[in-house]
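Written out below as structure tokens is the structure these notes cover.
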Number of protein chains: 2
Amino acid sequence: MSDELPAWEKAREEFVAQWGSLGTQWGINRTMAMIHALLMTSPEPMCTDEVMEKLQISRGNAHTNLKDLVGWNLVRIITKKGDRKEYFEAEKDVWKIFITISKERKRREIEPAIRLLRDCAAQTKDETTGPGRDFHQQMKDLDEFLSFGVKVGDTVISMKHASALQWAMRLLG
Amino acid sequence: MSDELPAWEKAREEFVAQWGSLGTQWGINRTMAMIHALLMTSPEPMCTDEVMEKLQISRGNAHTNLKDLVGWNLVRIITKKGDRKEYFEAEKDVWKIFITISKERKRREIEPAIRLLRDCAAQTKDETTGPGRDFHQQMKDLDEFLSFGVKVGDTVISMKHASALQWAMRLLG
DNA sequence: CTGAAGTTTCAGAACTTACTGAAACACATG
DNA sequence: CATGTGTTTCAGTAAGTTCTGAAACTTCAG
């Protein structure tokens with residue numbers, strides 16, 4: 001294989017591989033995390049074949065994960081005129097990545113949890129004594145906490161990066 | 001099987017089962033999430049056998065996941081005098097749960113990522129042109145963002161619940 | 001319409017992770 | 001030191017997830 005890689009590409013390969021491992025801990029599939037890392041550090045949009053080649057994965061796998069990343073709004077499809085191929089480009093702005101991921105996680109992970117908690121609270125709203133009442137209260141506490149968190153999160157992700165920074169600095173200062 | 005469950009226990013079973021499913025999305029294993037849900041809604045500390053019985057799982061499985069939860073500081077071991085059994089009790093205070101999880105996730109997920117980013121940035125600090133420089137910059141941006149996030153997070157989790165609430169209200173208001 | 005280039009789908013294989021059940025271990029008690 | 005009670009470990013198995021490769025499909029140019 002080619003050892004003629006520029007120095008930065010060596011670092012990039014480490015980054016891609018390790019980001020993949022970290023991804024699994026975050027509940028994200030390894031390949032998807034690797035493709036994301038690859039695209040985030042790509043000077044140019046890449047096509048499916050380039051991704052396959054770089055990561056040594058099959059077309060089906062590359063395809064699925066690229067589309068998943070597009071579904072997460074972390075990657076967008078670029079088409080060049082006079083070229084039928086689709087190219088993929090990752091958002092590189094850290095603040096925008098953060099906002100996108102926050103929104104998706106809210107939708108996929110927090111909102112279903114809140115629905116569950118409300119449902120369980122509703123089912124037990126007539127419990128006024130003993131363990132039944134405690135359970136009801138626990139559901140309400142969890143709901144209240146998550147809902148409040150969502151509200152705070154919504155405020156933050158609606159902010160411009162600069163305002164968010166300023167606000168955070170005030171908290172720290 | 002007994003259909004003589006109090007109404008609230010029905011809701012509890014739904015909560016436990018669903019919290020388990022939600023857990024998998026969060027990258028947490030189903031059983032661990034279920035045990036946590038069970039203990040969070042238990043009026044009394046439970047022993048291994050009770051957990052096995054309630055969730056219909058093996059001793060080994062119950063044991064491993066209980067110990068993992070203790071490792072996460074979400075559950076503590078209680079021993080009653082004159083009884084050699086270990087009982088397990090989950091933290092029920094929502095704010096404390098939040099703080100505990102935040103700390104653990106920081107340690108397990110954010111800090112390793114920051115280490116990786118710094119390593120990759122260091123490897124490319126001499127790159128001053130073209131894609132190498134861009135890569136270096138991207139690593140630094142990500143590092144800076146996560147590190148700043150950690151700082152903000154540290155500040156928040158060092159706050160009392162009431163102060164945090166007050167502070168968040170100001171953000172919203 | 002035909003063929004070339006690109007894209008999508010999906011059944012089964014490979015891999016990873018979680019779980020069981022049973023045996024080994026620890027420890028207190030008579 | 002034998003016995004009963006509770007705890008831990010772990011090899012093998014089951015379940016779940018991800019990946020491959022090939023076939024089907026779409027689109028466009030000639």
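Just so it is clear, the values below take in all heavy atoms, side chains as well, and ignore hydrogens, waters and symmetry mates. Throughout, a chain's letter reflects where its sequence line sits, starting with A, and its residues are numbered from 1.
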| message | Going by the rule side-chain hydrogen bond (donor to acceptor under 3.5 Å, both in side chains), which residues pair with Q25(B) if we only count those two or more places apart in sequence or in a different chain? | response | none
| request: Would you kindly give the NZ-to-C1' distance between K81(B) and dA28(C), to the nearest whole Å? | output: 19 Å
| request: Provide, to the nearest angstrom, the distance between the CD1 atom belonging to I77(B) and the P atom belonging to dG6(D). | output: 16 Å
| Atom pair distance, as rounded to whole Å: NZ in K85(B) and C1' in dA28(C) | 15 Å
Could you pull out every donor-acceptor pair under 3.5 Å between side chains of residues 152-167 of chain B and any protein atom, sequence neighbours left out?
from, atom 1, to, atom 2, distance (Å)
D154(B), OD1, K106(B), NZ, 2.8
D154(B), OD2, K106(B), NZ, 3.4
T155(B), OG1, K151(B), O, 3.0
S158(B), OG, D154(B), O, 3.4
S158(B), OG, T155(B), O, 2.8

| request: Applying side chain to side chain donor-acceptor pair (under 3.5 Å), run through D134(B) and Q138(B) and close with a yes or a no. | output: CA-CA 6 Å; D134(B) 292 345; Q138(B) 182 76 6; over 6 Å; no
| task | Under the side-chain hydrogen bond (donor to acceptor under 3.5 Å, both in side chains) rule, collect the residues that match up with E89(A), sequence neighbours excluded. | result | R76(A)
| field | By side-chain hydrogen bond (donor to acceptor under 3.5 Å, both in side chains) - contacts of R108(A) (at least two apart) | value | E104(A)
| Hydrophobic clusters join Ile, Leu, Val, Met, Phe, Trp and Tyr when side-chain heavy atoms are under 4.5 Å apart, directly or via other members; which others share one with I78(B)? | Y87(B)
What pairs of donor and acceptor atoms, side-chain ones from residues 31-41 of chain B against any protein atom, are under 3.5 angstrom apart with sequence neighbours left out?
from, atom 1, to, atom 2, distance (Å)
T41(B), OG1, R12(B), NE, 2.9
T41(B), OG1, A37(B), O, 2.9
T41(B), OG1, L38(B), O, 3.1

| message | Holding to side-chain hydrogen bond (donor to acceptor under 3.5 Å, both in side chains), I want the full list of residues that pass it with E109(B), two or more places apart in sequence or in another chain. | response | R105(B)
| query | How bent is the helix from dC1(C)-dG30(D) to dG30(C)-dC1(D), comparing axes over its five end pairs at each side, to the nearest 10°? | reply | 0°
| message | Can you list, in residue-number order, the parts of residues 38-45 of chain A that come under 4.0 Å of DNA chain C, counting heavy atoms only? | response | none
| field | Euclidean distance, atom CG of residue D49(A) to atom P of dA5(C) [Å, nearest integer] | value | 13 Å
| query | OP1, OP2 of dT8(D) versus side-chain N and O of H63(B): anything below 4.0 Å? | reply | yes
| said: What does the B/S/- profile of nucleotides 16-30 of chain D look like, 5' to 3', with a 4.0 Å heavy-atom cutoff to protein? | reply: --SSBB-----BS--
| message | Listing request: all ring-ring contact (aromatic ring centres under 6.0 Å, His included) pairs with a residue in residues 47-84 of chain B, at least two apart in sequence or in separate chains. | response | none
| field | Length of the line joining I78(B):CD1 and dG6(D):P, which is rounded to integer Å | value | 18 Å
| remark: Whole-Å distance, K67(A) NZ to dT9(C) C1', equals 12 Å
| task | Output all residues satisfying ring pair (Phe, Tyr, Trp, His ring centres under 6.0 Å) with F88(A), sequence neighbours left out; order by chain, then residue number. | result | none
| task | Let me know the distance between CG of D68(B) and C1' of dT9(D), rounded to the nearest Å. | result | 14 Å
| More than 12 heavy atoms of other groups within 6.0 Å of K103(B) NZ | no
